[in-house]
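Read through the structure below, which is laid out as structure tokens, and then see the notes.
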Amino acid sequence: MNSRALFKREIVRRTRRAGCSHYTTSSAAKKDLPLSGIRVLEMGQLIAGPFAGQLLGQFGAEVIKVEPPHVGDPLRVWRELDVDGTSPWFRSIARNKKSVAIDLRKTEGREIVRQLAIKSDVIIENFKPGTLEKWKLGPEDLHPHNPSLIFTRVSGYGQTGPWAPRPGYASVCEAESGFRYINGFADPETGGLSGPPVRPNISLGDSVAGLHAAFGTVLALISRLRQKDSDSSAITGMTVDVSIVESMLNLMEGIIPEYDRKGKVRGPSGSSVTGIVPTNAYPCLPDPSTQTPTYIVIGANGDTIYIRLMNIIGRPDLTGPEYAQNHHRVARQSEIEGAISSWTKQHTADEVIETMNSVSVPVGRVVTVKEVVENDQVKARGAVRDVWVSKEGSEHGEGWNVKMPGTFPILDGVDSQPRWAGPDLGYHTDQVLREELGLSQHAIDKLRSDGTVG
């Protein structure tokens, strides 16, 4: 009997009636977390979809991550690689997830995913729109078997509209959202960009889209719960359509309404922010131990905070009715910023911070990741966690810790910290196929020998 026939025989034997209650988590999952009992089938890769999966998994959802055999999610080998050749970044973003290696190019692989989807609450995917439909795994294909299934779909431009078919990475979508135009340094004559825009050295659009995807998923789960509470005879799952461009638009504050009502096109503003004064990065004396330049950020745009700042730096002449409110100070930004910079340049960063803290003016040092990890406040809050990675094939508990951000936000009385680091590729394949689909080890071995699973 070939693997496809064997798989179908096994799965028919174990498939439950569509629509019944079937969402149970593994014994390793904590039962007291807000999303305990929710099963998420993560079919995305790289950042946006997997970050949404990370957020849901942190708060108790069982996340089954589908990856291609042999290679896995490309993020496994992005940027710095650990001693085992795996990216520590992947260990973080794949925390609390189960890795199942399935070849979606094969009919048998797609059938396995279909059966897992029938037993799931949520599918997360960030493929090019239309890909799931091509594989017969879209809403129209799966809702007849699991009407309450929620589809969370992340793409560059959304599932509809003339640009929907375009591939869209975060960098491109940040540009198309207008975000890149306002980041950089202004040409003094035109107010537009002086040279290329400055990119934050992270894939911001992906993470912001992942936040929207996780938020949208929780809203869809609440909606489904309300249908259940109202004794609805037909509980239906919705599609959460997340566009990276639209997610970035959500960060753009008043830029669109200001343009609409005043015709104002906001441009880049360097290290300050347009229309809010004073808030900027200011130079200090070099670090005595390294002689490297140091910067601090002061945010004194509150009216009373501004007065305290000017008094403590010896410039009470820059207070009074002409400086009383933000719009007054915006008109005098150059003068105010110059006064603050002149003062900070005469002091070390420690001296500036001590002085500002003495009068409750918000201040912070521009720091590196090394200083973040060593920060007393970060340690006190448990904002960086050590999570154990077991060495593959080790019989004696060998491995290492990897530091990663903790779980945020902190919920009172909820222990949602990472339970395990991102697993090795296919670590949970056999477990999931046995426990969730009821396949025998013989059937799994046959699928593996055919290259359907890894």
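Here the structure is a predicted model, which is why all the values come from computation and not from measurement. Position 1 is the first residue of the sequence, and the numbers go up from there.
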Summary of side chain to side chain donor-acceptor pair (under 3.5 Å) pairs that have at least one residue in residues 189-215, sequence neighbours excluded = His212-Asn250
With sequence neighbours left out, what residues match Gln346 under side-chain contact (heavy atoms from CB on, under 4.5 Å)?
-> none
Does a donor on one side chain and an acceptor on the other come within less than 3.5 Å for Ser148 and Asn146?
-> yes
Rounded to the nearest 0.5 Å, what separation is found between the CG atom of Leu56 and the CZ atom of Phe215?
-> 12.5 Å
Output all residues satisfying side chain to side chain donor-acceptor pair (under 3.5 Å) with Arg385, sequence neighbours left out; order by chain, then residue number.
-> Gln417
Sorted by chain and residue number, the side-chain contact (heavy atoms from CB on, under 4.5 Å) partners of Phe408 (sequence neighbours excluded) come out as Ala383, Pro405
Check the surroundings of atom OH in Tyr181: do more than 12 heavy atoms from other residues, nucleotides or ligands lie under 6.0 Å from it?
-> yes
Any pair with a residue in residues 128-138 that passes side chain to side chain donor-acceptor pair (under 3.5 Å), sequence neighbours left out, goes on the list, sorted by first then second residue, please.
-> Glu133-Arg153
Is there a donor-acceptor pair under 3.5 Å between the side chain of Ser92 and the backbone N or O of Met404?
-> no
Partner residues of Phe151 under the ring-ring contact (aromatic ring centres under 6.0 Å, His included) criterion, sequence neighbours left out = His143
Applying side chain to side chain contact (heavy atoms under 4.5 Å, CB included) between Ile123 and each of Thr152, Leu142, Val40, report the one that passes.
-> Leu142
Please determine if Glu42 and Lys97 form a salt bridge, counting it only when a charged side-chain N lies under 4.0 Å from a carboxylate O.
-> yes
Who pairs with Asp260 by salt bridge (Lys or Arg N to Asp or Glu O under 4.0 Å), at least two apart in sequence or on another chain?
-> none
State which residues pass side-chain contact (heavy atoms from CB on, under 4.5 Å) with Thr304; sequence neighbours excluded, sorted by chain then number.
-> Arg308
Mind checking side chain to side chain donor-acceptor pair (under 3.5 Å) for Trp78 and listing every partner two or more places apart, or none if nothing turns up?
-> none
Measuring from Leu35:CG to Ile38:CD1, what's the distance to the nearest 0.5 Å?
-> 6.5 Å
Distance (rounded to the nearest 0.5 Å) between Leu41 CG and Ile118 CD1 | 11.5 Å
Kindly state each residue pair satisfying side chain to side chain donor-acceptor pair (under 3.5 Å) with at least one member in residues 358-373, sequence neighbours excluded.
-> Asp350-Arg365, Thr368-Glu371, Lys370-Glu374
Summary of salt bridge (Lys or Arg N to Asp or Glu O under 4.0 Å) pairs that have at least one residue in residues 76-86, sequence neighbours excluded = Glu67-Arg76, Asp84-Arg91
Can you tell me how far the NZ atom of Lys98 sits from the CD atom of Gln431, to the nearest 0.5 Å?
-> 4.5 Å
Under the side chain to side chain donor-acceptor pair (under 3.5 Å) test, residues paired with Arg166 that sit two or more places apart = none
